[in-house]
Amino acid sequence: MNTPRSEFLKTLAARGFLHQCTDPAALDERLSAGPVAAYIGFDATADSLHVGSLVQIMALRWLQKCGHKPVVLIGGGTTQIGDPSFRDASRPLLDGEQIARNAAGLKQVFSRYLTFGDGPTDAVMVDNSEWLDPLRYLPFLREFGSHFTINRMLSFDSVRQRLEREQPLTLLEFNYMVLQAFDFLELSRRHGCVLQMGGSDQWGNIVNGIELARRIDQRQLFGLTTPLLTTSAGAKMGKTAGGAVWLNAERLGPYEFWQFWRNTEDDDVGRFLRLFTELPLDEVQRLSQLKGAEINEAKQILATEATRLAHGDEAAREAADTARRAFEGGENAKGLPSVALPRSELDAGVSVAQLFVLAGLSASRSEVRRLVLNSGARLNGEVVQDADCHVTAADLTDGSLKLTAGRKRHVLVHVSD
RNA sequence: GGGGGAAUGUCCCGAGCGGCAAAGGGGGCGGACUGUAAAUCCGCUGGCUAUGCCUUCGUAGGUUCGAGUCCUACUUCCCCCA
């Protein structure tokens, strides 16, 4: 595909969303002709999504912006199996109750990025347990199993790796791609979905769906994948000191989310601005040109824009503000992550080590001791000398104290009555 | 069906004469240098009521003063022969 005509493909291409695409010319034509329904599936393996899925979410957002209809497929059914694609080991099986809880959490995340409703370009959310749960095994095998050959299934990279690594791949997992293929067929029938998008690891699963629809319904469907997101250092993206970079505020506060983007490597700034913000491309271009310390400006904009999408305008502003005060100016910035400490516990005697664990800055007290040993722990800005020394009311400023691990992980401890 | 190997620090890879909290990497964390970046150098990288105590080497038993290391059974995987 040289130069797409449709707004959607043009945008995806320009902003770096395109990895692979089936029959791009025909898809381009279809997208130019009028609103198209496209879907991306998300398995309900956790009650939130993290930045690993953000490329997909942004792709749906652009889809909607370009006048098409996003279909969010929640894998309530497929989650009962677990996608084996590019995985070394089986995923732990989740029970139905957990899956339902997770699905509810995902819904909230999407509501921030997409507009849901009944209109022609409003997003809709469907759950594949709707058609997967009622399936009966033998009829299903007879009807669909005959369209899949083991030879072909084994040829996909997504499972080849597992086989080569000599890790077991169960029959249950092996069925996953068949069911995802069935999803696509079902969505094309029910919602007129003609395009499935996904991460590059989904290519095999997507292609299977396209082939199934062609064989059974003689219908042409399309697939499109986004590049796997790694930092320019080659590391898998999406980890912060605390763990995964979640998209909902309960799991990861806006300030920490902002910090994640602020700490982007220089070489990733341009790419991330295109993928994770909606800034015009000429502006992105300008920011990407910044060199040396000036590129920090671009990182701040990246952080604020990305946070705005995930948590709203106000939260993004506050996060930026908090960061500015914590790093550039005064010590006591409100808005930093915080934990509560009952006054009674303070009076009973609390060691610095205990506080660091309470604040989530360290996993254990031993870890705090090591941190102190490397002079990486600070209390109210002062380097802590002894992890076991107790904190007293005298250390409080405005009823709280500030813990710092390393150069940039701050947590406020509020003492409550 | 027969024979031979493998599973190690709950992030990963990987050494390990019966005395082992267990070599070495990677990753991660901290320090120095910087721009809250990268690169580089240095330190740390099981837990605790901590000069000691407790829990770790696929699972379950056994031998031994003492087992990651030896024996038995089991699980999973690889290779060779039929």
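By convention in this document, chain letters (A, B, ...) are assigned in the order of the sequence lines, proteins followed by strands, and residues within each chain are numbered from 1.
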Are there any protein N/O atoms within less than 3.5 Å of an N/O atom in nucleotides 46-50 of chain B, and if so, which ones and at what distance?
from: B:G47; atom 1: OP1; to: A:S364; atom 2: OG; distance (Å): 2.7
from: B:G47; atom 1: OP2; to: A:R370; atom 2: NH2; distance (Å): 2.3
from: B:C48; atom 1: OP1; to: A:R365; atom 2: N; distance (Å): 3.2
from: B:C48; atom 1: OP2; to: A:S366; atom 2: N; distance (Å): 2.9
from: B:C48; atom 1: OP2; to: A:S366; atom 2: OG; distance (Å): 2.4
from: B:U49; atom 1: OP1; to: A:R365; atom 2: NH1; distance (Å): 2.3
from: B:A50; atom 1: N6; to: A:R369; atom 2: NH1; distance (Å): 2.3

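Among the protein residues, A:G292 comes within range of the nucleic acid bases, having at least one heavy atom under 4.0 Å from a base atom. Within 4.0 Å of A:E294, counting heavy atoms only, lies no atom of the nucleic acid at all. Among the protein residues, A:L373 comes within range of no part of the nucleic acid, since none of its heavy atoms lies under 4.0 Å from any strand.
Annotated as syn: B:C20, whose O4'-C1'-N torsion sits within 90° of 0.
For the C1' atoms, the distance from B:C17 to B:G31 is 39 Å, rounded to whole Å. Spacing between B:C11 and B:A73 at atom P, rounded to whole Å, works out to 33 Å. B:A7 and B:G14: their C1' atoms are spaced 13 Å apart (whole Å). A distance of about 12 Å separates the P atoms of B:A39 and B:C29, rounded to the whole Å. Only the C1' atoms considered, B:G58 is 8 Å distant from B:U75, to the nearest whole Å. Rounded to the nearest Å, the gap between the C1' atom of B:G25 and that of B:A15 is 11 Å. Rounded to whole Å, the C1' atom of B:U72 lies 27 Å from the corresponding atom of B:U10. Across the C1' atoms, B:G2 and B:G27 are found 44 Å apart, a figure rounded to whole Å.
A side-chain donor-acceptor contact under 3.5 Å links A:Q180 and A:Q196.
Applying the 4.0 Å criterion to OP1 and OP2 of B:C29, one finds that A:R409 has every side-chain N and O outside that range. Between A:K408 and B:U34 there is no side-chain polar atom (N or O) within less than 4.0 angstrom of OP1 or OP2.
Classification of the A:W261-A:F276 ring pair by plane angle, with boundaries at 30° and 60°, yields tilted.
The distance between atom CG of A:D266 and atom C1' of B:A39, rounded to the nearest whole Å, is 11 Å. The separation between A:L371 atom CG and B:G28 atom C1' is 13 Å, rounded to whole Å. Atoms CG (A:D321) and P (B:U36) sit 17 Å apart, rounded to a whole Å. Put simply, CZ on A:R262 is 11 Å from P on B:A38, counting in whole angstrom units.
The side chain to side chain donor-acceptor pair (under 3.5 Å) check on A:E367 picks up nothing, with sequence neighbours excluded. Residues meeting the salt bridge (Lys or Arg N to Asp or Glu O under 4.0 Å) test with A:E294, sequence neighbours left out: none. Shown here are the side chain to side chain donor-acceptor pair (under 3.5 Å) partners of A:N208, two or more places apart in sequence or in another chain: there are none. Evaluation of the salt bridge (Lys or Arg N to Asp or Glu O under 4.0 Å) rule for A:E97 yields A:R101 as partners, not counting sequence neighbours. For A:D201, there are no side chain to side chain donor-acceptor pair (under 3.5 Å) partners two or more places apart in sequence or in a different chain.
Checked against a 6.0 Å centroid threshold, the rings of A:H410 and A:F327 count as neighbours.
Position along RNA chain B of the nearest nucleotide to A:A377 versus A:W258 favours A:A377 as the more 5'-ward residue.
Salt-bridge formation is detected for the pair A:D388/A:R369: a Lys NZ or Arg NE/NH1/NH2 atom is positioned less than 4.0 Å from an Asp or Glu carboxylate oxygen.
In this entry B:A21 has no Watson-Crick or G-U wobble partner, no candidate having both defining distances under 3.5 Å. Base-pair partner of B:C44: B:G28 (Watson-Crick or G-U wobble, both distances under 3.5 Å). Remark: B:U56 base-pairs with no nucleotide in the shown strands. Criterion, Watson-Crick or G-U wobble with two distances under 3.5 Å. In this entry B:U51 has no Watson-Crick or G-U wobble partner, no candidate having both defining distances under 3.5 Å. In a base pair of the Watson-Crick type (N1 to N3 plus N6-O4 or O6-N4) or a G-U wobble (N1-O2 and O6-N3), with each distance short of 3.5 Å, B:G1 is matched with B:C81. B:A7 is paired with B:U75 under the Watson-Crick or G-U wobble criterion, all donor-acceptor distances under 3.5 Å.
Among the nucleotides B:A37, B:U36, B:C29, the one closest to the side chain of A:E265 is B:A37. Comparing atom distances between the A:R407 side chain and each of B:G35, B:U34, B:U36 picks out B:U34 as nearest.
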